[in-house]
Amino acid sequence: IFSLQFSVCNRTLKPKYPSFLPPDPKPPFEWLVRGLTRPLLRAGWDLREVEVSAADLARLRALRTERALIVSNHPSLAEPGVMYDVLKQAGLRCRLLSAWDTLFKLGWFSARFFQWLGGFSVRRGRPDRAAMEMTRDLLVGGERILAFPEGQTYGLNDTLLPFQEGLLLIAFHALNAMREQGIDAPVYVAPIAVKYVYLRPMATEIDAALGRLEVALGLKPLPQKRYERLRGIADAYLSRLETEEGLPPDEALSLDDRILRYRSTVVSRLGKLWEARMPRGADFPDQVLVLGNAFEDYGERQVGGERKVAEVEDADHRTWRRLKTFLALRDGYVAEWPSAERYADILTRLELDLFGRTHLKGPRKAVIRVGEVLDLTIHLENYAANRRETLATVTRLVEEQVRNQLEPLWRATQPLAEPVGVPE
């Protein structure tokens, strides 16, 4: 996925792909993919329906000739396809700002696929000047851009990662450039929430997933409530990770404290190993991005050299990927609202880490809500006077809009009933 390829023969790393891909839209290809979006969503994620109200479609349709950022939460890899379907329903054409490693996930095949749909790359966690300039120029030129300001996927649909400020910073740069060119027009931000809901009862599948994880972690299945079983699995899973990192047991620590200790230990160890330059005050999602980039840079420094620590680095890279499980994971996520969807969020992450794939699947629909569209021009004067404070304020405002649309959706799901015969 990174800009590197492993050589099996001499264990060296070589650059493979360009650092930036511009959009290269092909209208016939876009037309073809629009017709295939629903089958692809069903094949990849068992998504049978994309539900969006007429009022929300009207809000998006009003942006067809405007400069706008279309932003959404991004818990999984399904959102680009879901949003593409929503924009198709609204008759809205957008350029897609996509993570560089996502574009090259399947090599040049996936890169060209995104390019021909109007996608262009951004290297997350880096000062990617080419991506910034492209985004600005597209907005100045009157385009709409679909982007995901959380910056990475995290697997928990009912929560959000902090929105990164870089996207709105570019939008303000575009507004300033427009004023310099005599273009008196707004730049809008449309905040969208995506929530996945199962279309049938999932108790049987969730109980089976609990059983699989108990077996994998050496736990004896007991006649307990589902949440107690889940807590036992989480405790055993975290104990295994603590042992791998040499962390001693500490009964005084809560589950959240143990998670924080594990995260901090891994970030520190991998940061030293890969010589990461961690920005002061970086939050955990940013630390994960910095470590991913540091691993890539570390590999590039080894070009032409023998990979004497290849096996260790492979294990360490798997540990870095595991950190993404903990991006939004916290104690109480399921207890707060014990729906099938929340159980599945946690169990899916654990299965992916322990088995390399998840067996917990069921038919779902994507429910879409569009928040109030924000006109950035009303904040331009404040931005000129105090850039940092205004940028932070507007970013939090957009993030809160998405959260406000998401909360009623997860509250509309039903908590799972406990199995009959389980003791109170």
Side-chain angles (χ1 to χ4, degrees), residues 1-2 71-80 98-102 105 122-126 147-167 193-196 230 233-234 237-238 240-242 244-245 254-271 274 276 278-279 281-296 316-334 336-337 341-354 356 358 395-396 399 402-403 406 410:
I1 297 176
F2 296 97
V71 301
S72 164
N73 58 319
H74 194 21
S76 73
L77 293 177
E79 286 74 58
S98 180
W100 184 93
D101 48 292
T102 300
K105 192 173 184 66
V122 59
R123 293 168 75 90
R124 298 177 291 188
R126 297 180 184 271
F148 302 98
E150 289 165 296
Q152 52 191 321
T153 60
Y154 47 96
L156 305 188
N157 194 185
D158 292 352
T159 189
L160 297 177
L161 294 183
F163 281 17
Q164 297 181 0
E165 297 178 356
L167 187 62
V194 180
K195 167 64 180 172
Y196 301 105
L230 181 63
I233 289 168
Y237 172 71
L238 193 52
R240 176 181 290 190
L241 301 186
E242 288 168 336
E244 290 178 2
E245 291 297 326
S254 68
L255 190 61
D256 278 337
D257 288 338
R258 291 169 64 192
I259 290 173
L260 290 174
R261 182 179 68 159
Y262 174 78
R263 292 186 343 187
S264 176
T265 300
V266 172
V267 166
S268 177
R269 180 174 66 81
L270 295 184
W274 296 334
M278 198 67 67
D283 59 17
F284 182 60
D286 285 339
Q287 291 173 349
V288 173
L289 285 178
V290 169
L291 284 176
N293 291 333
F295 171 78
E296 180 181 343
D316 288 328
H317 190 250
R318 286 194 296 271
T319 301
W320 170 78
R321 291 200 307 270
R322 182 180 294 128
L323 284 179
K324 296 172 76 66
T325 298
F326 293 97
L327 280 171
L329 190 65
R330 58 178 173 81
D331 189 18
Y333 176 74
V334 173
E336 178 185 38
W337 198 262
E341 288 78 13
R342 289 205 179 191
Y343 269 103
D345 283 349
I346 300 296
L347 295 171
T348 297
R349 299 299 299 182
L350 295 176
E351 286 199 331
L352 285 171
D353 186 32
L354 292 172
T358 179
T395 301
R396 299 290 81 78
E399 180 184 326
V402 175
R403 182 176 287 106
L406 186 61
W410 62 255

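We number each residue from 1, following the sequence as shown.
Side chains of H74 and E150: no donor on one and acceptor on the other come within 3.5 Å. E244 and Y262 form no side-chain donor-acceptor contact under 3.5 Å, judged by distance and modelled atom types alone.
Once rounded to the nearest 0.5 Å, the distance linking OG1 of T325 with CG of L350 reads 7.5 Å. Rounded to the nearest 0.5 angstrom, F326 CZ and L238 CG are separated by 5.5 Å. If you take CZ on R349 and CZ on R322, they are separated by 11.5 Å, rounding to the nearest 0.5 Å. For the atom pair CD (Q152) and CG (L161), the distance works out to 6.0 Å, reported to the nearest 0.5 Å.
Residues Y196 and E341 come closest through the heavy atom pair O-CG, 3.4 Å. Closest approach of V290 and A276 over heavy atoms only: CG1-CB, 4.2 Å. T395 and F163 make their closest contact through CG2-O, 3.5 Å (heavy atoms, listed as atom of the first residue, atom of the second, distance). In this structure, N157 and P75 approach most closely via the heavy-atom pair ND2-CG, 3.6 Å. Minimum heavy-atom separation, L167 to A147: CD2-CB, 3.6 Å.
Remark: D158 engages K195, R342 in a side chain to side chain donor-acceptor pair (under 3.5 Å) (not counting sequence neighbours).
Residues T159 and Y154 form a side-chain contact, since some pair of their non-hydrogen atoms from C-beta on lies under 4.5 Å apart. Taking the side chain as every heavy atom from C-beta outward, E399 and Q164 never approach each other to under 4.5 Å.
With respect to K324, the side-chain contact (heavy atoms from CB on, under 4.5 Å) criterion is satisfied by exactly one of L329, L352, V288, D353: V288.
Using a 4.0 Å cut-off between charged nitrogen and carboxylate oxygen, R261 and E245 do not count as a salt-bridge pair.
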